[in-house]
J.: 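Let me begin by handing over the structure; questions about it come next.
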Amino acid sequence: MTEAASISADKAVSLRLGRWWQLSLGIVCMSMIANLQYGWTLFVNPIHDAHGWTLSAIQVAFTIFVLVETWLVPIEGYLVDRFGPRFVGVGAGVLVALSWVINSAANSLTMLYLGAVVGGIGAGAVYGACVGNALKWFPDRRGLAAGLTAMGFGAGSALTVFPIANMIKSQGYEATFFKFGVAQGAVVFLVSWFLRAPDAAFAATRATPVLGSTAVRTRDYTPIEMLRTAAFWVMFLMFVLTATGGLIATAQLTPIAKDFGVSDSPVSLFGITLLALPFALSMNRVLNGVSRPFFGWVSDQLGREHTMLIAFTLEGAAILLLSKFGANPVLFVLLTALVFFAYGEIYSLFPAICGDAYGRRFASANAGLLYVAKGVASLVVPVSSLIGASAAGWRGVFLVAAVMNFAAALLAIFVLQPLRARADRS
C-alpha cells in the first residue's frame with residue numbers, strides 16, 4: 001500500500017509539473033558531469049608538472065573515461081528502461097563524486113586510471129538516465145529535447161572554467177579535484193530523486209510527427225533487432241567519424257594552443273580581453289552547448305539527415321581553417337568556437353534519429369548502443385598526441401579529422417536517408 005501510494009504521488013507530481021520539469025532535472029544532472037570531460041584539459045599540464053608523467057600517458061585516463069562512459073551506457077540504459085531513471089541517477093551521483101576524489105589523491109597512473117573508470121561509469125549512467133528520459137517524454141520533439149539535455153553536458157562547464165583554473169593556481173589541482181568532485185556528485189545525487197519516466201498512457205497522447213520525407217517509427221525495436229539493421233551501423237560509423245575531431249579538440253586544446261604559440265596571447269573580442277586559451281575554452285563551452293538544442297530544433301523542422309549534412313560540412317570546414325590560421329590568436333579563439341559549435345550537435349541528432357528509427361520503449365538502451373561510437377572515437381585521442389608531436393604536427397591531425405566529417409555528411413544524404421526511407425516503405 002505504501003509503495004503504491006508513493007508511485008501514485010510521484011505520478012501526480014510529474015503530471016502537475018509537466019514534462020518540461022523532467023527535462024529541466026535532466027539538464028541539471030548533465031551539467032554536473034560536464035567537467036568530467038570538458039574540464040579535463042585544465043588538469044593535464046598541472047598533473048604533468050607535478051608528477052612528470054608524459055602527456056600521452058596522462059591522456060590515457062581521458063580515453064579510459066570516455067570508453068567506460070560510452071561502452072557501458074547500453075547496460076545503464078537497459079537499467080533505466082527496466083527500473084526507471086531515479087535510482088540509476090542516485091547511484092551515479094555517488095560515483096561522480098568518488099571519481100574526482102580518487103583523482104585528487106592519485107599518486108600513480110594506475111590510480112588516475114581508476115578515477116577515470118569510476119567517473120566513466122557515473123557519467124554514463126547519468127547520460128543514459130537523462131537522455132533516454134528526454135526521448136521518452138518528447139516523442140514529438142526529440143531533436144529539441146535531446147539537444148537541451150545534451151546542452152547541459154556541453155555547456156555545463158562554461159561557468160566553472162575560470163573558478164577551476166583559478167583554484168588550480170591558488171590551491172593546487174588536487175584540492176580542485178576534491179572540492180568540485182564532491183559538489184558535482186552531491187547535486188546529481190539529490191536531483192535524481194525527482195526523475196521519473198512517462199507511462200504508456202502519456203506516450204499514447206503524443207502524435208507521431210513526420211520529419212522531412214521520413215516518418216518517425218511507431219514500432220519499438222529491441223536492441224537486438226536494432227543491431228540487425230543496416231541503418232544502425234551507418235549511424236554508428238557516422239558518429240565515430242564526427243566525434244573524433246571534437247574529442248581531440250576537447251582533450252588536446254591546451255597542448256594545441258601551446259604548440260601554436262597562442263595560449264598566453266591576449267585576445268580582445270566583444271569588448272572583452274582575455275588570454276587566448278581561457279577565452280577559447282569559455283567560448284567553446286558555451287557554443288558547444290548552444291549548438292545542441294539549436295541543431296536539434298533545426299532537425300525537427302528540416303529532418304535529421306539534412307541537418308547532419310549542414311552541421312558536418314560546417315565542422316569539417318572549420319577544422320581545415322583552424323589548421324591554416326590557428327597560429328593567429330584571434331582566429332584561434334573564433335575558429336575553435338566554430339568547431340565546437342558544429343561538433344556539439346551530434347549529441348542531439350544521433351539520439352533523436354535513433355529514437356525516430358527504433359521507437360520509444362527501448363530508447364535508453366538503443367541510444368546507449370549508438371553512444372558507444374563515442375568510445376570508439378576516443379581511441380584516437382592518444383594517437384593524436386603522437387601525430388601532433390611528429391613531423392605531420394597538429395595540421396596533419398586536423399586534415400584527417402576534416403575529411404572524416406565530410407565523409408559523414410555525404411553518408412547522411414546518400415546512404416542513411418535512402419536506408420531509412422526504404423525501411424519505412426517495407
Side-chain angles (χ1 to χ4, degrees), residues 33-48 51-76 95-96 98-100 102-103 106 108-128 153-154 157 173 177 181 236-237 239-256 258-259 281 284 288 319 339-340 343-344 346-347 368-390 392 394 396-398 400-401 404:
I33 64 170
N35 278 323
L36 274 67
Q37 176 171 315
Y38 294 103
W40 172 255
T41 190
L42 297 171
F43 293 92
V44 173
N45 285 332
I47 294 173
H48 169 71
H51 299 282
W53 303 328
T54 64
L55 291 177
S56 59
I58 294 171
Q59 292 293 21
V60 169
F62 180 85
T63 299
I64 291 173
F65 165 79
V66 176
L67 286 174
V68 174
E69 182 221 359
T70 54
W71 288 6
L72 292 183
V73 169
I75 298 174
E76 293 155 343
L95 296 177
V96 167
L98 182 60
S99 65
W100 272 24
I102 293 173
N103 287 348
S108 68
L109 285 169
T110 301
M111 196 167 179
L112 191 69
Y113 298 160
L114 174 62
V117 171
V118 174
I121 296 172
V126 172
Y127 180 93
F153 191 53
S157 62
Y173 82 87
F177 265 140
F236 192 94
L237 174 60
F239 203 146
V240 172
L241 292 173
T242 53
T244 297
L247 287 175
I248 290 173
T250 299
Q252 306 283 32
L253 193 62
T254 298
I256 290 170
K258 287 185 176 295
D259 286 354
L281 288 171
N284 295 349
N288 188 23
I319 291 173
V339 169
F340 276 85
Y343 159 66
I346 64 176
Y347 300 109
L369 281 168
L370 185 56
Y371 192 61
V372 170
K374 178 184 173 184
V376 175
S378 73
L379 295 172
V380 184
V381 173
V383 178
S384 71
S385 296
L386 301 176
I387 298 175
S390 71
W394 290 113
V397 175
F398 292 156
V400 174
M404 293 169 74

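Sequence positions, counted from 1, serve as the residue numbers for this chain.
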J.: So, do Ile256 and Phe398 sit near enough that their side-chain heavy atoms are less than 4.5 Å apart?
T.: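 Yes; the side chains approach each other to less than 4.5 Å.
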J.: Please, which pairs that meet side-chain hydrogen bond (donor to acceptor under 3.5 Å, both in side chains) have at least one residue in residues 60-69, sequence neighbours excluded?
T.: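 Applying side-chain hydrogen bond (donor to acceptor under 3.5 Å, both in side chains) to every pair that reaches into residues 60-69, excluding sequence neighbours, yields Glu69-Tyr371, Glu69-Lys374.
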J.: If you compare all heavy atoms of Gly245 against all heavy atoms of Ala401, which two are closest, and at what distance to 0.1 Å?
T.: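 Between these two residues, the closest heavy atoms are CA-CB, 4.0 Å.
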J.: Could you tell me which residues satisfy side-chain hydrogen bond (donor to acceptor under 3.5 Å, both in side chains) with Asn35, sequence neighbours excluded, listed by chain and number?
T.: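 Scan of Asn35 (side-chain hydrogen bond (donor to acceptor under 3.5 Å, both in side chains), adjacent residues dropped) gives Thr160, Gln184.
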J.: Quick check: closest heavy atoms across Leu36 and Gly119, and the distance to 0.1 Å?
T.: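 Looking at all heavy atoms of both residues, the closest pair is CD2-O, 3.7 Å.
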J.: Once rounded to the nearest 0.5 Å, what's the spacing between atom CG of Leu247 and atom OG1 of Thr70?
T.: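 Here the interatomic distance stands at 9.0 Å.
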J.: What's the spacing between Leu370 CG and Ile346 CD1 if we round to 0.5 Å?
T.: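 One gets 10.0 Å once the value is rounded to the nearest 0.5 Å.
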J.: Would you please test Val73 and Val372 for side-chain contact (heavy atoms from CB on, under 4.5 Å) and show each step?
T.: CA-CA 7 Å; Val73 169; Val372 170; 5.9 Å; no
J.: Tell me whether the rings of Phe65 and Phe62 are parallel (<30°), tilted (30 to 60°) or perpendicular (>60°).
T.: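 Phe65 and Phe62: tilted rings.
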J.: Can you name the nearest heavy-atom pair linking Ile33 to Ala123, along with the distance?
T.: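 That closest heavy-atom pairing would be CD1-O, 3.6 Å.
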J.: Which heavy atom in Ala57 sits nearest to a heavy atom in Tyr113, and how many Å separate them?
T.: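 Heavy atoms of Ala57 and Tyr113 come nearest at O-OH, 2.7 Å.
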J.: Is there a side-chain contact between Ile248 and Val397 in this structure, where contact means two heavy atoms from C-beta onward sitting under 4.5 Å apart?
T.: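 Yes; the side chains approach each other to less than 4.5 Å.
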J.: Under 6.0 Å between ring centres, would you say that holds for Phe43 and Trp100?
T.: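 Distance test on ring centres: under 6.0 Å, yes.
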J.: Under the rule for side-chain hydrogen bond (donor to acceptor under 3.5 Å, both in side chains), what residues qualify as partners of Ser99, not counting sequence neighbours?
T.: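 In terms of side-chain hydrogen bond (donor to acceptor under 3.5 Å, both in side chains), with neighbours along the sequence ignored, Ser99 is linked to no residue.
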J.: Using 0.5 Å steps for rounding, measure from the CZ atom of Phe236 to the CG atom of Leu241.
T.: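 Rounded to the nearest 0.5 Å, the CZ-CG separation comes out at 11.0 Å.
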J.: Give the C-alpha distance, both sets of side-chain angles, the deciding distance and a yes or no for side-chain contact (heavy atoms from CB on, under 4.5 Å) between Asn45 and Leu55.
T.: CA-CA 8 Å; Asn45 285 332; Leu55 291 177; 3.7 Å; yes
J.: Would Met404 and Thr242 satisfy side-chain contact (heavy atoms from CB on, under 4.5 Å), going step by step from the backbone distance to the final call?
T.: CA-CA 7 Å; Met404 293 169 74; Thr242 53; over 6 Å; no
J.: If you compare all heavy atoms of Val96 against all heavy atoms of Gly122, which two are closest, and at what distance to 0.1 Å?
T.: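 Residues Val96 and Gly122, closest heavy atoms: CG2-C, 4.0 Å.
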J.: Using a 4.5 Å cut-off on heavy atoms from C-beta on, say whether the side chain of Leu281 contacts that of Leu42.
T.: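 They are in side-chain contact.
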J.: Decide yes or no on side-chain contact (heavy atoms from CB on, under 4.5 Å) for Ile58 and Trp40, but give the supporting numbers first.
T.: CA-CA 10 Å; Ile58 294 171; Trp40 172 255; 3.7 Å; yes
J.: Just how far is it from atom CZ of Phe340 to atom CG of Asn284, taken to the nearest 0.5 Å?
T.: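 CG of Asn284 is found 4.5 Å from CZ of Phe340.
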J.: Can you name the closest pair of heavy atoms from Ile47 and Tyr173 and give their distance?
T.: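 That would be CG1-CE1, 3.7 Å.
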J.: Could you state the interatomic distance from CD (Gln59) to CD1 (Ile64), rounded to the nearest 0.5 Å?
T.: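 Interatomic distance, Gln59 CD to Ile64 CD1, rounded to 0.5 Å: 11.5 Å.
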J.: May I ask you to decide if the ring planes of Phe239 and Tyr347 are parallel, tilted or perpendicular, using 30° and 60° as cut-offs?
T.: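 Plane angle over 60°, so perpendicular.
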J.: Enter the distance from Leu95:CG to Ile102:CD1 here, rounded to the nearest 0.5 Å.
T.: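 Reported value, rounded in 0.5 Å steps: 9.0 Å.
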